[in-house]
2 protein chains.
Amino acid sequence: MTDTSTSPRRASRPPRARRRDAAENRLAILDAAISELNHNPDASLETIASAAGLSRRSIYGHFSTRDELIAELNDRGIARVTAALAPIQHADARVALALVGARLWSEVEDVRVTAQLAIRGPRREIVAEGLEPVRRGLLAIVRQGVAAGQLRTDIEPRTLARLIEGAAVSVLDEAVRDDISYEEGHRLVMLVALSTAGLSWREAAELIDASPELALEAQPEASTSLSAHSSGAQA
Amino acid sequence: MTDTSTSPRRASRPPRARRRDAAENRLAILDAAISELNHNPDASLETIASAAGLSRRSIYGHFSTRDELIAELNDRGIARVTAALAPIQHADARVALALVGARLWSEVEDVRVTAQLAIRGPRREIVAEGLEPVRRGLLAIVRQGVAAGQLRTDIEPRTLARLIEGAAVSVLDEAVRDDISYEEGHRLVMLVALSTAGLSWREAAELIDASPELALEAQPEASTSLSAHSSGAQA
DNA sequence: AATAACTTGCACACTCGTGTGCAAGTTATT
DNA sequence: AATAACTTGCACACGAGTGTGCAAGTTATT
């Protein structure tokens, strides 16, 4: 077992810092885990390890338990989604909604695992709890839109928010499965989010085209190697 | 091992027919499997058995393999969904689409397992293949609607059909999770299917209210005990 | 070049689920 | 009441995955 904790040792000699390749391997594992778990939510550590180009045994040098790996995936996913969606604010709730879609799309991979984990795994409740802030944000946007008469009023906001969330995720799923281009996906999620929210498709399209905020560019760049576009496998 | 096959024995004495309680138990198992697999797609036979009020060992009297049970679930699910959706035809594609939603809703439980199985399990391809006719039907409706200028044209029909399917299923998921009433669910799936198809929420509502075919009544009654509303557990 | 950090392969114990055999019960049916 | 159909509990073999110990290798870092 290898100690990977960041806290410095007690006394005596300084213990020579963590090696760089080790850190990279750790990220490779996380990447591999994401992409393997997307294929099969029950992927074994063996599978994940070899997708990361390591041996199963080595994983235990970074995570003491399968569950710990999964937990870290949760945390990263939630953090990412939260970071991507939290700052969204706009006078026009419809634009805000479309933005939610767009930002989700830029995190597809993470969103999908996170969504999966939120449903399955023994972590259901925990993950769901972690996503609460995001949900409340979405709900706020929906309420704002309903109040402004911009969104449908025939479905209770709470339900509507969840439907939008579900629709968006299922678009991500479908999009990834059909290997849709980044540009198309970007537009698609926004369209479907707006449609679910009650706009007609023409209204949705008009809105998207009229709002520069919704154009495809300068999406907040990700800092981790846990990027949405990385291959996740090496050697 | 108990023989459950329907074919009569070869020669000599007639072997006294299958007992009635056995047949009931078989259905109880299927019911339990559906509801347990909804909670957890990897539910063990032990879990399913006890949900059905039987012992794990007894399951093997009806299905020689876990996979055989699952396969039967597939077949029933596909048959049901197909039966419910196949006869749908309407001059107005929007009505047809709403009907698809309504019929799906009347089969929620089955639709959900079937959808789950279509994604996971080693049966992915098989299940997907079985659902092909249903998918083609939906695609036909979408094409019809697009041709008639009733549905959105900004998304390719093939993609749109899948999005509608996904949206509908995710509504079913959400609806079941929130324990929505039968009436609400009925309307909800139709609304979301239409919204995804491009209608504004007002148009969708108008259409639904104006079309007697879409009213909640005389849904084709199910013949099996594998009904969408049975509890699935006993004792 | 020396050292500690890391990886690896192998062996092992353990858990959990599947599938089977069999003997002893229940219970529907005739 | 007799009989075959069915259920049950226990035992077992088996496979797959997890988590661990350890000794022997690599390799980044100083």
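To find a chain, count down the sequence lines: A is the first, B the second, and so on, and within it residues start at 1. FYI, side chains are in, hydrogens and waters are out, and symmetry mates aren't considered; it's all heavy atoms of this structure.
Between Ile59(B) atom CD1 and dG9(D) atom P there is a gap of 13 Å when expressed in whole angstrom units. Here the C1' atom of nucleotide dT18(D) and the CZ atom of Arg57(A) are 11 Å apart, to the nearest Å. In this structure, Arg26(B) places its CZ atom 11 Å from P of dT7(D), rounding to the nearest Å. Phe63(A) places its CZ atom 13 Å from the P atom of dC6(C), with the value rounded to the nearest Å.
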Counting only pairs under 3.5 Å, give me each side-chain donor-acceptor contact of residues 125-133 of chain A, with atom names and distances, residues two or more places apart or in other chains.
none

Expected rows: protein N/O vs nucleotides 26-30 of chain C N/O, under 3.5 Å:
from: dT27(C); atom 1: O2; to: Arg19(B); atom 2: NH1; distance (Å): 2.9
from: dA28(C); atom 1: O4'; to: Arg19(B); atom 2: NE; distance (Å): 3.4
from: dT29(C); atom 1: OP1; to: Arg20(B); atom 2: N; distance (Å): 3.4
from: dT29(C); atom 1: O2; to: Arg16(B); atom 2: NH1; distance (Å): 3.4

Could you list the protein-to-nucleotides 14-18 of chain C atom pairs, N/O on both sides, closer than 3.5 Å?
from: dT18(C); atom 1: OP1; to: Leu45(B); atom 2: N; distance (Å): 3.3
from: dT18(C); atom 1: OP1; to: Arg66(B); atom 2: NH1; distance (Å): 2.8
from: dT18(C); atom 1: OP2; to: Leu45(B); atom 2: N; distance (Å): 3.3

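Here Ala193(B) pairs with Ile164(B) under the side chain to side chain contact (heavy atoms under 4.5 Å, CB included) rule; sequence neighbours left out. For Thr114(B), there are no side chain to side chain donor-acceptor pair (under 3.5 Å) partners two or more places apart in sequence or in a different chain. When the side chain to side chain contact (heavy atoms under 4.5 Å, CB included) test is applied to Asp173(A), the partners found at least two apart in sequence or on another chain are Arg112(A), Val169(A), Arg177(A). Scored by the side chain to side chain donor-acceptor pair (under 3.5 Å) test, Thr65(B) finds no partners at all (sequence neighbours excluded). Arg136(B) is linked by a salt bridge (charged side-chain N to carboxylate O under 4.0 Å, His left out) to nothing, counting only residues two or more places apart in sequence or in another chain. With sequence neighbours excluded, the residues that form a side chain to side chain contact (heavy atoms under 4.5 Å, CB included) with Ala98(A) are Met190(A), Leu194(A), Leu214(A).
Screening residues 157-170 of chain B for salt bridge (Lys or Arg N to Asp or Glu O under 4.0 Å) gives Glu174(A)-Arg162(B), Arg135(B)-Glu165(B) as the qualifying pairs, with residues at least two apart or on separate chains. Evaluation of the salt bridge (Lys or Arg N to Asp or Glu O under 4.0 Å) test over residues 60-69 of chain B, restricted to residues two or more places apart or in two chains, returns Asp67(B)-Arg123(B).
Residues Ala175(B) and Trp105(B) share a closest heavy-atom pair of CB-CZ3, 3.5 Å.
For DNA chain C, each stem of at least three Watson-Crick or G-U pairs (distances under 3.5 Å) is given as range with range: C:1-30 with D:1-30.
A salt bridge does not link Arg20(B) with Glu24(B): every distance from a Lys NZ or Arg NE/NH1/NH2 to an Asp or Glu carboxylate oxygen is 4.0 Å or more.
For the OP1/OP2 pair of dT7(D) and a distance below 4.0 Å, the side-chain nitrogens and oxygens of Asn25(B) include at least one atom meeting the criterion. The phosphate of dT8(D) has OP1 or OP2 within less than 4.0 Å of a side-chain N or O from Ser58(B). Put simply, His62(B) has a side-chain N or O that comes within less than 4.0 Å of OP1 or OP2 on dT7(D).
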